[in-house]
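Single-structure report; data block below.
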Amino acid sequence: MPITPATATNSPSNGAAEPILLELVDEDGVTLGTAEKLAAHQPPGQLHRAFSVFLFDERGRLLLQQRALGKYHSPGVWSNTCCGHPYPGEAPFAAAARRTFEELGVSPSLLAEAGTVRYNHPDPVSGLVEQEYNHLFVGMVQATTRPDPEEVASTAFVTPAELAERHSRDTFSAWFPTVLDAARPAARELTGPSAGW
């Protein structure tokens, strides 16, 4: 894992697992403090900073990931390319690039901000709540993915029509439709009108 100021302070040096802290925010995205990751997702949920990445190939297809079955939250469901939480004090852009590399083994060849979206999505299976102020990013991927099996069960590139067909038969994360809709204008600008986003 690349060492940054954020990861250096959040990576245990003695081999013991340290609690993962999230950045709590107000409705305007202003930092209020921190909370342990699992505690922040317990009902009713604490509003915290998050990010969602949407990467496209040269044909304008969206890279989806199926979350690993061992994930504590929403295991086995399909979702956008990458999503997660910045460490406290870590810029969302840096966190998005870091986690994309950690989960998928690729660095985006282009990554651009695509706005923010605020949502509250309970997960009926786990009982956890996604109460998030989410920073959105769109970009391009040109390298072959090398997913970390602890994080990602599978990947797929899809057109909008293929996504609709897959969405009708497979289970997707509760937040996926919300973040995709919010990122669509930036996705259209990136991929052009012929891609259909």
Side-chain angles (χ1 to χ4, degrees), residues 1-11 18 20-35 37 40-41 46-58 60-65 67 71 73-74 79-119 121 130-148 151-152 155 157 173 175-192 195 197:
M1 168 175 67
I3 300 297
T4 66
T7 57
T9 58
N10 288 281
S11 298
E18 293 180 4
I20 297 172
L21 297 179
L22 306 185
E23 197 169 86
L24 301 181
V25 299
D26 67 13
E27 295 291 338
D28 297 315
V30 176
T31 303
L32 299 175
T34 61
K37 184 177 180 180
H41 290 86
Q46 295 174 279
L47 183 59
H48 58 274
R49 195 176 307 284
F51 64 83
S52 289
V53 177
F54 297 83
L55 296 183
F56 298 85
D57 68 7
E58 68 284 349
R61 299 179 303 168
L62 172 61
L63 175 60
L64 298 177
Q65 74 154 272
R67 293 166 62 86
K71 301 280 274 186
H73 189 345
S74 303
S79 200
N80 49 291
T81 308
C82 180
C83 54
H85 310 94
Y87 292 126
E90 183 182 26
F93 183 92
R98 172 180 58 80
R99 283 303 291 166
T100 299
F101 182 80
E102 289 172 357
E103 291 188 10
L104 294 162
V106 293
S107 295
S109 56
L110 171 73
L111 193 64
E113 294 182 8
T116 59
V117 63
R118 157 67 161 104
Y119 54 78
H121 287 301
E130 287 291 4
Q131 186 87 254
E132 293 187 331
Y133 186 93
N134 198 307
H135 297 257
L136 306 171
F137 299 93
V138 299
M140 302 293 293
V141 60
Q142 294 176 312
T144 302
T145 60
R146 298 180 313 279
D148 176 354
E151 299 286 345
V152 180
T155 61
F157 281 98
S173 65
W175 61 87
F176 178 75
T178 302
V179 293
L180 177 61
D181 285 348
R184 274 185 197 277
R188 281 194 293 268
E189 186 175 337
L190 177 71
T191 60
W197 294 105

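Since we're looking at a predicted model, the values are computed, not measured.
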Task: Counterpart residues, ring-ring contact (aromatic ring centres under 6.0 Å, His included), relative to F93 (two or more places apart) - done: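 Expected list: F137.
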[X] side, atom [atom1]; [Y] side, atom [atom2] - distance, nearest 0.5 Å:
| X | Y | atom1 | atom2 | result |
| --- | --- | --- | --- | --- |
| E23 | E90 | CD | CD | 9.5 Å |
| F51 | E132 | CZ | CD | 10.0 Å |
| R118 | L47 | CZ | CG | 4.5 Å |
| S79 | K71 | OG | NZ | 10.5 Å |
| C83 | F176 | SG | CZ | 10.5 Å |
| L136 | R184 | CG | CZ | 12.5 Å |

What residues form a salt bridge (charged side-chain N to carboxylate O under 4.0 Å, His left out) with [X], not counting sequence neighbours?
| X | answer |
| --- | --- |
| K37 | none |
| R188 | none |
| R67 | none |
| D148 | none |

Open item on the list: Can you confirm whether F54 sits close enough to V179 that some side-chain heavy atom of one is under 4.5 Å from a side-chain heavy atom of the other?
Closed with: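 In short, these two side chains touch, coming nearer than 4.5 Å.
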Task: Among L64, L63, T81, the one residue meeting side-chain contact (heavy atoms from CB on, under 4.5 Å) with T155 - done: L63
Below 3.5 Å, can you tabulate the donor-acceptor pairs from side chains in residues 104-117 to any protein atom, sequence neighbours excluded?
from: S109; atom 1: OG; to: M140; atom 2: O; distance (Å): 3.3
from: S109; atom 1: OG; to: Q142; atom 2: OE1; distance (Å): 3.4

Kindly say whether [Y] contributes a backbone atom to a donor-acceptor pair with the side chain of [X] at under 3.5 angstrom?
| X | Y | value |
| --- | --- | --- |
| H48 | Q131 | yes |
| W197 | G60 | yes |
| D26 | D28 | yes |
| N134 | S52 | yes |

Open item on the list: Quick check: closest heavy atoms across R49 and T31, and the distance to 0.1 Å?
Closed with: NH2-OG1, 3.2 Å
Task: Intermediate values then yes/no, side-chain contact (heavy atoms from CB on, under 4.5 Å), R99 and E151 - done: CA-CA 10 Å; R99 283 303 291 166; E151 299 286 345; 3.2 Å; yes
TODO: Examine Y87 together with H85 and report whether their ring centres are nearer than 6.0 Å.
DONE: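 Ring centres of H85 and Y87 not closer than 6.0 Å.
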